[in-house]
Amino acid sequence: MEEKIVAMPRIGDKAPEFTAVTTQGPINFPKDYAGQWVILFSHPADFTPVCTSEFMTFATMEDQFAKANCKLVGLSVDGLFSHIAWLRTIKEKIQYKGMKDVEVKFPLIEDITMEVAHKYGMMQPGESATKAVRAVFFIDPKGIIRAVIYYPLSLGRNFDEIYRALIAMQTADAFQVATPADWRPGDEVIVPPAGSCGVAKDRMEAKDPAVTCHDWFFCTKKIDKETVLKTVLKK
Ligand code: BEZ
């Protein structure tokens, strides 16, 4: 069979549009999510253990993401009835790491035709011809893809990292800064690089007491945790 070659959506691209049937009714993506962040993520298959652990974890964090103005949308190449049966099993039967009676309230897309999965580069035949890899697309309130993370089938995602990345991008947007390695709210942020020799000189002469420079191109400043959280989280 001829392999379908699809361009993968990249950071900075408009999120590819689609309509789909989900466990929460039909959706028109990304239009229905305008003005909000949305995390579109794929998983390989229903009724599989790693995916079950991921769905339970993500579902228990849904309110936390909602406070950061972010909706969750899942996808696998299974059908709607399989999705419904799996989510019912999770709620009724599965206890895992202190989580039980977990109701997955965010939409799970049925994609038997793999149309959406192909549009988003979630089918990666070197890993599996029939199962989507674990992709995570962060899409901003204007429908632009801002970050993409891919994991193989065997590797369950770190949802704290997904939340950290979301808050870091929102902080970068709100304060016009960048965030260094392992940044968390309350840690120092990176101020934009000096764009002229004059600014580089001022930075090295510590003209702004709020800014600390390790060298002219690497300067940081403090933003309080409370200030970050008050800005990016809804009450
Ligand atoms: C899982 O979710 O457990 C799984 C799915 C596909 C391949 C391997 C593991």
Side-chain angles (χ1 to χ4, degrees), residues 1-9 15-16 18 20-24 27 29 37-66 70-139 145 147-166:
M1 203 172 71
E2 204 177 307
E3 198 177 292
K4 195 169 174 182
I5 309 285
V6 187
M8 307 221 311
F18 62 84
V21 170
T22 85
T23 49
Q24 300 292 326
I27 60 169
F29 195 93
W37 285 76
V38 54
I39 293 177
L40 173 67
F41 69 101
S42 54
H43 70 277
D46 298 343
F47 292 101
T48 49
V50 179
C51 300
T52 299
S53 71
E54 290 192 318
F55 264 66
M56 294 181 78
T57 307
F58 228 177
T60 57
M61 294 171 78
E62 191 179 1
D63 288 348
Q64 193 180 334
F65 280 89
C70 182
K71 290 284 185 357
L72 311 177
V73 179
L75 174 148
S76 80
V77 297
D78 298 286
L80 183 64
F81 295 149
S82 165
H83 284 345
I84 293 170
W86 180 45
L87 299 187
R88 286 176 62 86
T89 303
I90 287 175
K91 177 158 169 52
E92 286 163 16
K93 300 206 180 122
I94 310 292
Q95 294 192 27
Y96 176 69
K97 279 197 164 174
M99 296 179 281
K100 60 175 190 177
D101 195 26
V102 174
E103 188 171 351
V104 175
K105 296 182 187 147
F106 55 80
L108 175 49
I109 295 169
E110 85 157 352
D111 192 30
I112 306 174
T113 61
M114 304 186 192
E115 196 184 322
V116 180
H118 280 305
K119 270 192 176 173
Y120 275 84
M122 293 162 170
M123 302 309 299
Q124 303 195 3
E127 178 72 346
S128 169
T130 55
K131 294 176 170 63
V133 295
R134 300 182 198 278
V136 186
F137 285 85
F138 296 77
I139 296 163
I145 295 172
V148 185
I149 314 179
Y150 287 106
Y151 294 69
L153 302 189
S154 64
L155 177 59
R157 285 163 275 213
N158 181 322
F159 290 91
D160 288 335
E161 167 58 9
I162 291 171
Y163 183 72
R164 188 196 74 86
L166 173 73

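Order of appearance sets the numbers: ligands from 1, and atoms from 1 within every ligand. Heavy atoms only: backbone and side chains are in, while hydrogens, waters and symmetry mates are out.
Residue A45 places no heavy atom under 4.0 Å from ligand 1.
The ring of Y120 has its center no closer than 6.0 angstrom to the ring center of F41.
With a 4.0 Å cut-off on non-hydrogen atoms, P44 touches ligand 1 through its side chain and not its backbone.
Contact detail for L87 and T23: the closest heavy-atom pair is CD1-CG2, 4.0 Å.
Where the criterion is an N or O separation shorter than 3.5 Å, residue side chain and backbone included, T48 meets it with respect to ligand 1. Ligand 1 has a nitrogen or oxygen under 3.5 angstrom from a nitrogen or oxygen of R134. In terms of polar-atom proximity, C51 is counted as a contact of ligand 1, with an N or O under 3.5 Å from an N or O of the ligand.
Here the straight-line distance linking atom CG of L166 with atom CZ of F138 works out to 6.5 Å at 0.5 Å rounding.
Side chains of H43 and L108 form a contact here, defined as non-hydrogen atoms less than 4.5 Å apart. In this structure, the side chains of I39 and F58 come closer than 4.5 Å at one or more pairs of heavy atoms.
When hydrogens are left out, the protein atom nearest atom 3 (O) of ligand 1 is V50 N, 2.7 Å; that is the closest non-hydrogen contact.
Set against the non-hydrogen atoms of L153, the atoms of ligand 1 under 4.0 Å away are 7 (C), 9 (C).
Between the side chains of D46 and H83, a donor-acceptor pair is found at a separation under 3.5 Å.
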